[in-house]
Asks: 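Supplied in structure tokens, the structure appears directly below.
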Amino acid sequence: MTDIFVSEYNNYPVVSVYIDDKLSFLSMVRESDLGSIYLCRVDNILDNLQSAFVRFGDAQIGYVPFKNILPSCVVNRSIQSGKDIRQGDEIILQVDTEPIKLKKAKLTSNISVSGKYAVVTLGRTGVGASLKLSDDIRTSMVAELKKEYKALLAECDSVIADTGFGIIIRTEAADLDPENFVSEIISDIRNSLEDLSRILDEGKKRSLYSCIKKSRLGNVDEHITKAKNFLKSRNIEDFQIINDSVVHSIKHDIEKLLTNRVWLKSGGFLIIEQLESFNAIDVNSGKAIDKRKDTISRINYEAADEIFRQIRLRNLSGMILIDFINMKNSEDSEKLCNYVRSLARKEPVHTEFIDITGLGIIELTRSKNDKTLKEVLQNTTNAVDKP
């Protein structure tokens with residue numbers, strides 16, 4: 001049994017997925033600047049960091065690396081490269097990373113515009129596709145769109161054509177009719193290119209610090225779409241969407257995600273530590289005192305499933321180190337590594353198996369798509385507590 005629930009937590013909308021009555025996907029609906037596009041002003045140049053501090057929106061401060069500044073997005077004068085930027089320059093920038101703790105927001109002029117089936121990014125090149133698409137579909141779509149790429153580039157206005165753009169085919173493209181997918185995706189890309197052209201044109205007319213295009217992360221439908229894509233990646237097509245906060249104890253399930261100990265059915269448990277520069281997960285045998293080979297193997301495989309659920313629900317990102325219970329047989333260790341690789345490939349956010357160290361610690365990296373659940377809940381709690 002699988003359901004998508006739209007409910008509430010601390011007066012904030014929450015979209016969750018329960019598979020067989022177990023929370024498997026969670027997305028907090030909140031206003032966010034991630035993806036918003038602003039006309040910014042350069043306040044300071046930091047040559048040693050190859051970056052500039054910029055001001056945008058309502059007295060917000062962020063930074064942009066020189067390498068992420070496209071000359072076509074500087075509106076007050078002409079420059080040859082990001083290294084030519086100086087104090088007082090006005091740049092069209094998109095929020096790439098939200099501020100976290102003492103870190104400022106990171107911005108970029110590699111502006112991305114997302115359509116239904118593809119994402120267009122200014123200043124990139126080539127055609128790619130979501131890794132969540134099956135290999136045959138991804139290969140076919142990329143090959144066909146590469147044939148159309150030069151023609152699309154020639155259709156653009158001179159600013160976009162000179163700067164260039166890259167294309168990423170989204171997971172939603174898998175739903176298209178194989179015989180007509182090229183025309184559908186190209187139409188979608190053209191719409192995104194028109195939107196991108198409007199953004200660049202609008203940036204030249206807007207008042208300083210204003211928002212040219214607002215992020216849609218506060219839209220519940222966007223989060224429902226994420227939930228649907230998650231289910232598709234699990235080959236689950238039969239589900240229903242329920243607006244109800246009573247059937248499942250979402251509050252209890254969310255608050256369990258704030259603890260660092262997670263018990264397993266086998267009697268083992270996980271310890272999850274979110275640190276400043278990486279995340280550490282330790283697998284313990286706990287109450288499963290039988291140390292036979294099959295018992296240790298069973299705990300590790302159960303732990304692997306639960307670890308990926310926890311990573312997804314807590315939205316951990318960056319480096320993730322996992323210390324499984326030691327399996328002395330190298331063949332058993334390799335089988336576990338292969339299982340972890342297979343789980344990583346199923347994740348909706350790009351997760352990559354890096355290596356296993358000499359001490360038997362598995363290293364993963366996971367792309368950052370938003371704040372962690374803990375950071376989001378800290379913000380929502382503070383917002384609720386304000387008079």
Side-chain angles (χ1 to χ4, degrees), residues 27 32-38 68 70 72-73 92-98 106-135 137-153 155-157 159-161 163-176 181-200 202-203 212-219 221-230 232-233 317 347-352 366-370:
S27 191
S32 169
D33 251 348
L34 193 65
S36 293
I37 301 170
Y38 288 89
N68 290 347
L70 297 172
S72 57
C73 290
I92 303 169
L93 296 173
Q94 186 171 42
V95 179
D96 192 37
T97 304
E98 288 186 289
K106 181 182 177 183
L107 295 95
T108 180
S109 58
N110 293 115
I111 296 168
S112 290
V113 176
S114 183
K116 186 174 182 181
Y117 302 118
V119 179
V120 172
T121 303
L122 189 68
R124 305 295 188 200
T125 58
V127 179
S130 168
L131 293 175
K132 305 309 167 189
L133 292 167
S134 63
D135 289 345
I137 292 177
R138 185 168 65 250
T139 301
S140 172
M141 287 185 171
V142 169
E144 289 299 322
L145 281 178
K146 280 183 176 179
K147 298 176 184 177
E148 307 292 335
Y149 183 71
K150 287 186 179 179
L152 285 168
L153 195 61
E155 291 178 16
C156 299
D157 63 42
V159 173
I160 294 178
T163 305
F165 63 88
I167 300 168
I168 297 293
I169 304 167
R170 300 183 65 187
T171 309
E172 286 81 353
D175 297 332
L176 294 172
F181 76 83
V182 174
S183 60
E184 291 278 359
I185 296 177
I186 287 178
S187 176
D188 189 60
I189 291 170
R190 285 193 176 113
N191 290 336
S192 292
L193 288 171
E194 288 176 6
D195 195 15
L196 183 56
S197 180
R198 283 194 295 270
I199 289 167
L200 295 177
E202 189 76 14
I212 301 170
K213 185 173 182 178
K214 181 66 178 170
S215 164
R216 287 175 52 83
L217 288 179
N219 187 317
D221 289 339
E222 291 288 310
H223 296 259
I224 292 175
T225 298
K226 290 182 184 179
K228 290 179 179 178
N229 288 338
F230 166 73
K232 286 179 183 176
S233 72
S317 62
E347 285 303 298
V349 175
H350 180 61
T351 306
E352 186 174 356
R366 186 172 186 264
S367 299
K368 188 172 186 64
N369 67 323
D370 200 350

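Sequence positions, counted from 1, serve as the residue numbers for this chain.
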Asks: Would you check if I167 and I185 make a side-chain contact, meaning some heavy-atom pair closer than 4.5 Å?
Replies: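 No; the side chains remain at least 4.5 Å from each other.
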
Asks: To the nearest 0.5 Å, how far apart are CD1 in I160 and CG in L153?
Replies: 9.5 Å

Asks: Less than 4.5 Å apart, side chain to side chain, heavy atoms only: is that true for F165 and I111?
Replies: no

Asks: Are E98 and D370 packed together at the side-chain level, in the sense that at least one heavy-atom pair is separated by less than 4.5 angstrom?
Replies: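 They are in contact (side-chain heavy atoms under 4.5 Å apart), so the answer is yes.
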
Asks: Less than 4.5 Å apart, side chain to side chain, heavy atoms only: is that true for K213 and V113?
Replies: yes

Asks: Taking side chain as C-beta onward, heavy atoms only, is Y117 less than 4.5 Å from I169?
Replies: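 Of all side-chain heavy-atom pairs linking I169 with Y117, none is under 4.5 Å.
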
Asks: What residues, two or more places apart in sequence or in another chain, satisfy side chain to side chain contact (heavy atoms under 4.5 Å, CB included) together with S112?
Replies: Q94, V119, T121

Asks: State, to 0.1 Å, how close N68 and N110 come at their nearest heavy-atom pair, and which atoms those are.
Replies: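 Where N68 meets N110 most closely, the heavy atoms are OD1-OD1, 3.8 Å.
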
Asks: Distance from S183 atom OG to L176 atom CG, nearest 0.5 Å?
Replies: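 Rounded to the nearest 0.5 Å, the OG-CG separation comes to 8.5 Å.
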
Asks: Quick one: does N229's side chain get under 4.5 Å of K232's, heavy atoms only?
Replies: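 Sidechains of K232 and N229: in contact.
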
Asks: What pairs with K116 under side chain to side chain contact (heavy atoms under 4.5 Å, CB included), at least two apart in sequence or on another chain?
Replies: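 Checked K116 against side chain to side chain contact (heavy atoms under 4.5 Å, CB included); matches are D188.
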
Asks: Side chains of S140 and F181: closer than 4.5 Å at any heavy-atom pair?
Replies: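 A side-chain contact exists here, since the closest heavy-atom pair is under 4.5 Å.
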
Asks: Looking at CD1 of I37 and CD of E202, how far apart are the two atoms once the value is rounded to the nearest 0.5 Å?
Replies: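 These two atoms lie 11.0 Å from each other.
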
Asks: State, without any angle test, whether S215 and S32 hold a side-chain donor-acceptor pair at a distance under 3.5 Å.
Replies: no

Asks: By side chain to side chain contact (heavy atoms under 4.5 Å, CB included), which residues pair with D33, not counting sequence neighbours?
Replies: S36, Y38, F56, Q60, V95, K214

Asks: Would you check if there is a donor-acceptor pair between the side chains of S197 and D157 at a distance under 3.5 Å?
Replies: yes

Asks: Side chains of V349 and S317, heavy atoms from C-beta outward: is any pair under 4.5 Å?
Replies: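 No, too far: nothing below the 4.5 Å cut-off.
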
Asks: Enter the distance from I189:CD1 to L145:CG here, rounded to the nearest 0.5 Å.
Replies: 5.0 Å

